[in-house]
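Inspection log for the structure reproduced underneath, given as structure tokens.
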Number of protein chains: 2
Amino acid sequence: MARPAPALLDRDRLIAAAFAQLEEDGLDGLSMRRLATRVGVQAPALYWHFSDKAELLGLMAREIYAAAYAAVPPADDWQTWLGQFGRALRRSFAAHRDGARLCAAASPALSGEPASHAEGIAAPLVTLGLDQKRALACQAVVISFTLGWESFKANGPMREFLRQMMDFDATFETGLDALVRGLA
Amino acid sequence: MARPAPALLDRDRLIAAAFAQLEEDGLDGLSMRRLATRVGVQAPALYWHFSDKAELLGLMAREIYAAAYAAVPPADDWQTWLGQFGRALRRSFAAHRDGARLCAAASPALSGEPASHAEGIAAPLVTLGLDQKRALACQAVVISFTLGWESFKANGPMREFLRQMMDFDATFETGLDALVRGLA
DNA sequence: CAACTTGACTTAACACCGTTAAGTGGTCAA
DNA sequence: TTGACCACTTAACGGTGTTAAGTCAAGTTG
């Protein structure tokens, strides 16, 4: 069993493959063995690159959050920014099958020191006049609502009934708007 | 039809045992085998009482929601009711280990017809002046926020850092208050 | 050049998991 | 007494995350 010399597995490639696997088979179908098969390798090889499955999921979750932050357009006031952030986050959740479920189940890995990471996260709102503590609190609130909304939409009580009865997109907008207005 | 012999197991007893198991070992430790062992039975016996694990989890989730609804005190206006509902729901999630995670992962079973169930759910708010559609939308929004908050608290980005940096209870209150005020 | 180390994977195995099929015995109606 | 039926048992299937130990190419060093 001769092996190709140059390593063809690395974290980024594996995470991309994991997202592809997620799209195809959902979160429940995302197993280490299937991921390994997809990239042409045996399952234990993955443990060379990740300490365990939780780390992989954490990195995936981080990517979902990062994509949301990257997609927020510049804003003139913090209320506008918060609203845009909520919408971007929702789009980011929805961009992957079971995206919200993944983020609810995994602890996103964070790059670097928590304190400096927090600073970076809070920066857009701090620039617009909020102090850091309040900036983080506002984001926590919006993240919670958005994460909860997508979870609720997928699994909440009476979801089948509600699906016929209400416009999920519009109601999310209503809720997000209420939240941001109420925070002012 | 033969009168049933004294059944060793029944749904209610099993659900209670499942909650006890949840408290001890968390959601990941709640397996059919362990639950069976706890009630002194072999694992496949559970499948006489539940079609599968999802049904069991769904019934548990239903109980968590039901406890929340039952705990909402009477209110004079719908804003007050909504706020109290949010607080009650949060307490209900927090009353069980991994309560929010369970509710995010399971589809709560609903008793009876969806339409009549929806009517019952909406009733408190309808009494206070909202039409049913808006009543359900408001509840969906509050449930989402609360569910998301508890998920976020358990798993969100920088949770360790944030735990030192902010008062989760107070911030939840801020968010809930903003949400309810914004809905008016 | 030979020996040693290291990186990146392999095979084998462990201890679980949810779930199904088939068997078993006690309790009832006829 | 017979037979149905409830509620459970044993056995097994195919899957899971994960660890231990082995393997072999490439790079480093004596």
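Fair warning: this is a prediction, and the values are worked out from it, not measured in the lab. We name chains A, B, ... by the order of the sequence lines, and we start the count at 1 in each one. Any value given below was found using the heavy atoms of this structure, including those in side chains, with hydrogens, waters and symmetry copies removed.
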Indicate whether OP1 or OP2 belonging to C:dT11 is found under 4.0 Å from a side-chain N or O atom of A:Gln42. yes
Please give, in whole Å, the distance from D:dT18 P to A:Leu56 CG? 10 Å
Can you list the residues that meet the side-chain contact (heavy atoms from CB on, under 4.5 Å) rule with A:Ser116, with sequence neighbours excluded? A:Glu113
Can you build the contact string for nucleotides 12-23 of chain C? Use B for base contact, S for sugar-phosphate-only contact, and - for no protein heavy atom under 4.0 Å. B----BBBBB--
What is the distance from CZ of A:Phe50 to P of D:dT19, rounded to the nearest Å? 15 Å
Qualifying side chain to side chain donor-acceptor pair (under 3.5 Å) pairs, either residue in residues 65-75 of chain B, two or more places apart: B:Tyr69-B:Gln139
Phosphate OP1/OP2 of C:dC9 contacted by A:His49 side-chain N/O (<4.0 Å): yes
Plane angle bin for B:Trp149 and B:Phe145 - parallel if under 30°, tilted between 30 and 60°, otherwise perpendicular: tilted
Please tabulate, for the side chains in residues 119-127 of chain B, all donor-acceptor contacts under 3.5 angstrom to protein atoms that are two or more places apart in sequence or on a different chain.
{"from": "B:Thr127", "atom 1": "OG1", "to": "B:Ala123", "atom 2": "O", "distance (Å)": "2.9"}

Short side-chain N/O contact from B:Trp48 to OP1 or OP2 of D:dA7, under 4.0 Å: yes
Would you be so kind as to tabulate the donor-acceptor pairs closer than 3.5 Å made by side chains of residues 171-181 of chain A, with sequence neighbours excluded?
{"from": "A:Thr171", "atom 1": "OG1", "to": "A:Asp167", "atom 2": "O", "distance (Å)": "2.8"}
{"from": "A:Glu173", "atom 1": "OE2", "to": "A:Arg87", "atom 2": "NH1", "distance (Å)": "2.1"}
{"from": "A:Thr174", "atom 1": "OG1", "to": "A:Ala170", "atom 2": "O", "distance (Å)": "2.9"}
{"from": "A:Asp177", "atom 1": "OD2", "to": "A:Arg181", "atom 2": "NH1", "distance (Å)": "3.0"}
{"from": "A:Arg181", "atom 1": "NH2", "to": "B:Gly182", "atom 2": "O", "distance (Å)": "2.5"}

Across all chains, not counting sequence neighbours, the side-chain contact (heavy atoms from CB on, under 4.5 Å) partners of A:Glu63 are A:Ile15, A:Phe19
